[in-house]
There are 2 protein chains.
Amino acid sequence: MPKEARPSTGEQARQHALAQLRQAILQGDMAPAQRLVENELAEQFGVTRASVRAALIELESEGLVERIRNRGSRVRVVTVEEAVAITECRMVLEGLCAGKAAVEATDEQLDQLTALGEAMSKAVADGEPVTYSDLNHELHAHIRQFSGQQVAVGLLERLNAQLVRHRFQLALRPGRPQKSLSEHLAMIDAIRARDPQAAEEAVRSHLAGVIDALRE
Amino acid sequence: MPKEARPSTGEQARQHALAQLRQAILQGDMAPAQRLVENELAEQFGVTRASVRAALIELESEGLVERIRNRGSRVRVVTVEEAVAITECRMVLEGLCAGKAAVEATDEQLDQLTALGEAMSKAVADGEPVTYSDLNHELHAHIRQFSGQQVAVGLLERLNAQLVRHRFQLALRPGRPQKSLSEHLAMIDAIRARDPQAAEEAVRSHLAGVIDALRE
DNA sequence: ACGAACAAAATTGTTGACAATGTTGTTCGA
DNA sequence: TCGAACAACATTGTCAACAATTTTGTTCGT
């Protein structure tokens, strides 16, 4: 059994570098459109340039990084129009997942959704938008998971990764949580009622609302 | 202007190798589940191993290749269940595209769809399933394109690449083109009528039919 | 002072060699 | 004969150096 020591060098360098870099981008440590110089990253993470390079190639196809031939890599900036287009795709894919979840979820899983709904109501009542945003994300993740639709889950996780920056922006908008909450509760109710069509429709109208909000 | 000479070595090796390998997999030159040894591929394509490696990393995240740590790469085999799951995602994403296409397409583009529909009818009448399959693919590609939804187009192209093997299998099934044709004509009519909801519904019921056929 | 040609620096793309890991075949003991 | 330890092989992972390309800064002519 290999011990869980940090693979600082010479072990699983690429995976290490990849995880580090991905997290750095997702957490917003890297400024948007910041240049990503392979040498700097290699030194920063204590791996060789080849490993950084491999990680960058992977991150590019995840849509988190932009690479131009002989010009280098940048953190990709997602414009508002792109965010809208991405959310349109989320709309139909999460709709699919919700419909399946309404049929496939176990009773225990439905209870989890109920609990999440109550926690979200409390977060809004207490005026904690950050907590609410986290729960929001968690709810969507649970619904995806309960659907058992692995392909859709994969696509959605990739799409969501590209939206981190926009999500924070949206959660802090005044009045937004209140409107969002009722839509989320409707989603939960439809799934609990095991009504696939209603679940799909609830998710779609919720994300249609998100799109309106994105457009301001 | 750089001449179009083959970049056999030292030029754009990675892109060359990537294109070559992708095409080889898509055309079915590589047997399913065939082992992809980096050294062999490097020699076969006349590039270095690093380029092949980069190409494999990219193909992995496209879902065409499977890579296991320290064990090598294989051509990924898509099971029937996976093909169904993929087609479910196609169903909602192409539905989204069709709805947008019904609104966004120009009149010239609608004429193209009409022409495609007539060609498909002819191919079925003449009993040419291969021609029909090609036109089928072309029709779906056109609808995607006319939607202007770049994110959805990207996702769909990736999903479709994973289905090449199953598509052929389906097209040659007796009686399948006849059933499929009427569904396709319904899609075209709905888009020409500029009715987004009807277009989305037509696409979804068509692909629901494909799913049934996949399951046999 | 302005623009074009040119040179220098920075950065990515490529190569071959080396290390780590997993796989397979063989030998030895019971 | 069977199974486990071991050794040889095959393959991937990592590294450091080199080549090609692009960008930037400078000089020269007008």
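Within every chain, numbering begins at 1; the chains are lettered A, B, ... in the order of the sequence lines, protein sequences first and strands thereafter.
If you take CD of A:E38 and P of D:dA16, they are 15 Å apart, rounded to a whole angstrom. Atom CZ in B:R74 sits roughly 10 Å away from atom P in C:dT23 (whole-Å rounding). Spacing between atom CZ of A:R67 and atom C1' of D:dT21 amounts to 15 Å, rounded to whole angstrom units. Note: CG (A:N39) to P (D:dC15) measures 13 Å, nearest angstrom. Whole-Å rounding puts the A:E43 CD to C:dT11 P distance at 12 Å. The distance between atom CD1 of B:I68 and atom P of C:dG22, rounded to the nearest whole Å, is 12 Å. Taking atom CZ of residue B:F45 and atom P of nucleotide C:dT15, one finds them 15 Å apart after rounding to whole Å.
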Q: Please report the C-alpha distance between B:Q34 and B:R74 in whole Å, then the side-chain angles of each, then the deciding distance to 0.1 Å, and finally whether the side chain to side chain donor-acceptor pair (under 3.5 Å) criterion is met.
A: CA-CA 6 Å; B:Q34 175 174 343; B:R74 280 174 162 52; over 6 Å; no
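Contact annotation: B:R69 side-chain N/O to C:dT21 OP1/OP2 distance is not under 4.0 Å. A:R49 has no side-chain polar atom (N or O) that falls below the 4.0 Å cut-off from OP1 or OP2 of D:dC15. Dashed line: the shortest gap from a side-chain N or O of A:R53 to OP1 or OP2 of C:dG13 is under 4.0 Å.
The two residues B:E62 and B:Q162 come nearest to each other via the heavy atoms O-NE2, 3.2 Å.
Between B:S133 and B:H137, the side chains place no donor N or O within less than 3.5 Å of an acceptor N or O (distance only, hydrogens not considered).
Atom CD of B:E128 has more than 12 heavy atoms from other residues, nucleotides or ligands within 6.0 Å.
Side-chain atoms of A:N136 never come within 3.5 Å of backbone atoms of A:Y132 as a donor-acceptor pair (strictly under, hydrogens ignored).
You'll find that the side chain of B:R71 is closest to C:dG22, out of C:dT12, C:dG22, D:dT22. Closest contact between the side chain of B:N70 and the listed nucleotides C:dT23, C:dT12, C:dT21 involves C:dT21. Proximity note for A:T48 (side chain, C-beta onward) versus C:dG13, D:dT14, C:dT14: the nearest is D:dT14. Taking every side-chain heavy atom of A:V37 into account, C:dT12 is the closest of C:dG13, D:dT11, C:dT12.
Note on B:L36: only backbone sugar-phosphate atoms sit closer than 4.0 angstrom, heavy atoms only; bases stay farther off.
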